Amino acid sequence: MNIIGIIILITLICEVLLNFIADFLNISVLKKEIPSEFQGLYDAETYKRSQEYLKVNVQFTWVERLFDLTLLLVFWFSKGFFYLDNWVRAFNFGSILSGLIYISVLAFAKFILSLPFSLYSTFVIEEKFGFNKTTLKTYIQDTLKGLVLAAIIGAPILSGIIFFFDYTGQYGWIFCWIFVTIVSLFVHFIAPTWILPLFNKFKPIEEGDLKSEIIAYAEKIDFPLKNIFIVDGSKRSSKSNAFFTGFGNNKRIALFDTLIEKHSTKELIAVLAHEMGHFKKKHILKSVILNILHGGLIFFLLSIFISYNKLFECFFMEHISVYAGLIFFSMLFTPIELLLDILLNIYSRKIEYEADKFAVETTDDKESLVNALKNLSFDNLTNLKPHQFYVFLHYSHPPVLERIKALS
C-alpha cells in the first residue's frame with residue numbers, strides 16, 4: 001500500500017475513534033439531577049428515559065458505524081473496487097453509462113446492507129420510546145420514492161460530472177461546480193411544491209386564531225408570507241418540528257401537526273418568529289452562498305486527485321476513471337470535510353442565537369420562546385446537557401440550555 005492508502009486508512013480509523021471519544025464523553029457527563037430550568041416539566045422517570053434514549057441510540061450507532069467500517073475495509077482489501085470496475089468495463093458502455101452502473105451498484109449494495117439498521121431504528125428503538133408512527137406500508141412507500149428520486153436527480157448530476165471532467169480539460173471542475181450549483185438551486189426551488197408533497201400532505205392552515213396571529217406577525221415584520229401549511233408529521237413520528245423552505249413564490253412555512261397539538265398559539269408564534277428571523281437576517285441566503293463555495297472547494301480539490309495514479313493504486317485499480325475517482329476522493333477528503341463541517345456548525349450555532357434574539361425582540365415575548373424550546377426538548381427527549389466536545393463536533397444548533405441562558 002502506498003502513502004495515499006495509508007493516509008486514507010488512518011483517516012477512516014481516526015474518524016471512528018474521534019466519534020467514539022465524543023460519544024463516550026457525551027454519555028459520561030449524564031447526571032441524575034434534572035436541570036433547574038426544567039424542574040416541573042420533567043419528572044425523574046421521564047428524565048431517566050431521555051438519557052436512556054440517548055444511550056440506546058449511541059450503542060446502536062456504534063454497531064452500525066463499526067459494521068460500515070468493517071464492510072468497507074473488507075471490500076477494499078479484497079479488491080472489490082477493482083473487480084467491480086472490470087465487470088462494468090466488460091460491457092464497453094462508455095464512461096458515463098459505466099460510471100452510472102458502477103456507482104449505482106455500490107450505492108444499492110450499501111442501501112441493502114443498511115436496510116436492517118434503518119428498520120431496527122424505526123420499528124424497534126423509535127417504537128420503544130413512543131416516537132414511531134410509521135407503518136410498514138408507509139416505510140416501504142417512502143423507501144421506494146426515495147430510490148426513484150435518487151435516480152431521477154442523482155443520475156443527471158453524476159452524468160454531468162463525468163462528462164465535464166472527461167471532456168472539458170483542466171477547467172472541468174468549474175463547469176461541474178456551475179452545473180451542480182444550478183441543479184441544486186433548481187431542486188430547492190421545486191422541492192416545496194413537487195418533492196416534499198410526495199412524502200407528506202401539506203394542508204393549508206385553517207381560518208382561526210392561529211392563522212390570524214401568524215399573518216399579523218408576518219405583516220408586523222414585513223415578511224412576504226403567502227403559504228402556511230400543516231404537515232402530517234404524525235403519520236411517521238410523534239416528534240415535533242417546523243421549517244421554512246423554498247425561494248420566491250415557492251416559499252412556505254410548514255408546521256407539523258404534532259407541534260400544533262402540543263404548543264400554545266404564543267409558543268407557535270415564537271417558533272415561527274425564529275424561522276422567519278432566519279429569512280429576515282439573510283441567514284438562508286448566506287447559507288446558500290456558503291454551500292456554493294463549499295461545493296467549489298470540493299470540485300477544485302477533486303480536480304487535483306481525480307486522475308492521480310497513486311490514489312487508484314492504493315485501491316488496486318488498473319484503470320483511472322472519473323466515477324471511481326469520485327468514490328476514492330470522498331474518502332481522502334474525510335479530514336478536510338470534518339474540519340469544514342465543524343466550521344459550518346460553528347456558524348450555524350451562531351445564526352441560531354441570532355434567530356432566537358430576533359424572535360424575542362420582534363414578539364416582545366421571551367417567555368413563549370423559552371417555553372417552546374423547553375417543550376420541544378421534552379417532547380423529543382433531547383439531551384439537555386451534552387458534552388461540549390460533542391457539541392463542537394456535531395451540533396448545528398446550540399444545546400437548549402445554552403439557548404435559554406442566552407435569552408436571559
Side-chain angles (χ1 to χ4, degrees), residues 181 184-189 191-192 196 205 210-211 213-229 231 240-256 259 263 265-297 340-377 380 382 391-392 394-408:
T181 297
S184 298
L185 291 175
F186 176 72
V187 170
H188 277 91
F189 182 80
L196 296 180
I205 192 170
L210 178 57
K211 181 177 181 180
E213 291 284 346
I214 294 173
I215 292 175
Y217 173 74
E219 290 176 349
K220 175 184 175 182
I221 64 171
D222 192 27
F223 182 85
L225 180 63
K226 291 185 178 180
N227 300 312
I228 311 170
F229 292 92
V231 183
S240 304
N241 198 7
F243 61 90
F244 171 87
T245 185
F247 299 105
N249 292 329
N250 279 4
K251 286 195 303 292
R252 63 175 59 183
I253 282 179
L255 298 167
F256 278 36
L259 187 73
H263 294 266
T265 297
K266 286 187 176 181
E267 290 174 4
L268 291 171
I269 295 299
V271 171
L272 288 178
H274 172 95
E275 297 300 327
M276 293 181 189
H278 283 306
F279 176 82
K280 295 296 288 185
K281 291 288 186 178
K282 301 188 184 302
H283 294 158
I284 296 173
L285 176 61
K286 292 175 183 176
S287 295
V288 169
I289 293 172
L290 278 176
N291 286 330
I292 291 173
L293 294 175
H294 178 236
L297 175 62
L340 290 174
D341 284 344
I342 289 173
L343 294 175
L344 289 172
N345 280 338
I346 290 172
Y347 171 73
S348 179
R349 292 193 295 270
K350 176 180 178 292
I351 65 176
E352 290 302 321
Y353 284 125
E354 291 179 3
D356 282 347
K357 183 179 180 181
F358 176 90
V360 170
E361 290 177 347
T362 54
T363 61
D364 195 25
D365 186 5
K366 179 181 74 175
E367 183 180 358
S368 292
L369 180 58
V370 170
N371 289 337
L373 291 172
K374 288 181 179 180
N375 288 324
L376 281 168
S377 299
N380 297 338
T382 303
V391 173
F392 177 73
H394 298 298
Y395 270 43
S396 61
H397 286 55
V400 62
L401 284 174
E402 293 183 14
R403 293 177 70 178
I404 291 172
K405 290 176 182 177
L407 294 172
S408 299

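Treat the numbers as computed from the prediction; the structure is a model and nothing was measured. All heavy atoms count here, side chains included; hydrogens, waters and symmetry mates do not.
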* Enclosure of K357 NZ (heavy-atom neighbours >12, cutoff 6.0 Å) -> no

* Asked: What distance do H397 atom NE2 and L373 atom CG have between them, rounded to the nearest 0.5 Å?
  -> 10.0 Å

* Structure fact -> Shortest non-hydrogen pair, S348 vs S396, comes out as OG-O, 2.7 Å

* How far apart are the closest heavy atoms of K374 and I404, and which atoms are they? -> CG-CD1, 3.8 Å

* Evaluate the side-chain proximity of H263 to V271: yes if any heavy-atom separation is below 4.5 Å, no if none is. => no

* Within-4.5 Å side-chain heavy-atom neighbours: Y347 and I351 -> yes

* Asked: What closest approach, in Å, do A270 and A359 show between heavy atoms, and which atom pair accounts for it?
  -> O-CB, 3.9 Å

* **V391 and R349: CA distance, side-chain angles, deciding distance, side chain to side chain contact (heavy atoms under 4.5 Å, CB included) verdict** => CA-CA 10 Å; V391 173; R349 292 193 295 270; 4.1 Å; yes

* Take I253 and F223 through the test side chain to side chain contact (heavy atoms under 4.5 Å, CB included) and record every step on the way to the result. => CA-CA 11 Å; I253 282 179; F223 182 85; 4.2 Å; yes

* Cut-off 3.5 Å, side chains only: do E352 and H283 have a donor facing an acceptor? -> no

* **salt bridge (Lys or Arg N to Asp or Glu O under 4.0 Å) pairs, two or more places apart, involving residues 397-408** => D356-R403

* Given side chain to side chain contact (heavy atoms under 4.5 Å, CB included), test K220 with T363 step by step and report yes or no. => CA-CA 9 Å; K220 175 184 175 182; T363 61; 5.7 Å; no

* To do: Please step through side chain to side chain contact (heavy atoms under 4.5 Å, CB included) for the pair L255 and L272, ending with a clear verdict.
  => CA-CA 9 Å; L255 298 167; L272 288 178; 3.5 Å; yes

* To do: Hey, could you give me the CG/CD1 distance between L210 and I215, rounded to the nearest 0.5 Å?
  => 9.5 Å

* Asked: Do you know the tightest heavy-atom contact between S368 and K266?
  -> OG-CB, 3.3 Å

* Asked: CG of N375 to CG of N380: how many Å apart, nearest 0.5 Å?
  -> 10.5 Å

* Asked: Taking atom types as modelled, is there a side-chain donor on H278 or E354 under 3.5 Å from an acceptor on the other?
  -> no

* Asked: Are any non-hydrogen side-chain atoms of L268 and I214 less than 4.5 angstrom apart?
  -> no

* Roughly how far, to the nearest 0.5 Å, is the OG atom of S377 from the CG atom of L401? -> 8.0 Å

* Mind checking whether L259 and L376 have side chains closer than 4.5 Å, heavy atoms only? -> yes

* Structure fact -> In this structure, CG of D365 is separated from CD of E267 (nearest 0.5 Å) by 9.5 Å

* **Distance, nearest 0.5 Å, that separates CG of L290 from NE2 of H294** => 10.0 Å

* Asked: Which pair of non-hydrogen atoms, one from N345 and one from Y395, has the smallest distance, and what is that distance?
  -> CB-O, 3.4 Å

* Asked: For F358 and G277, which heavy atoms make the closest approach, and how far apart are they?
  -> CD2-CA, 3.3 Å

* K280 side-chain N/O to A273 backbone N/O, donor-acceptor pair under 3.5 Å -> no

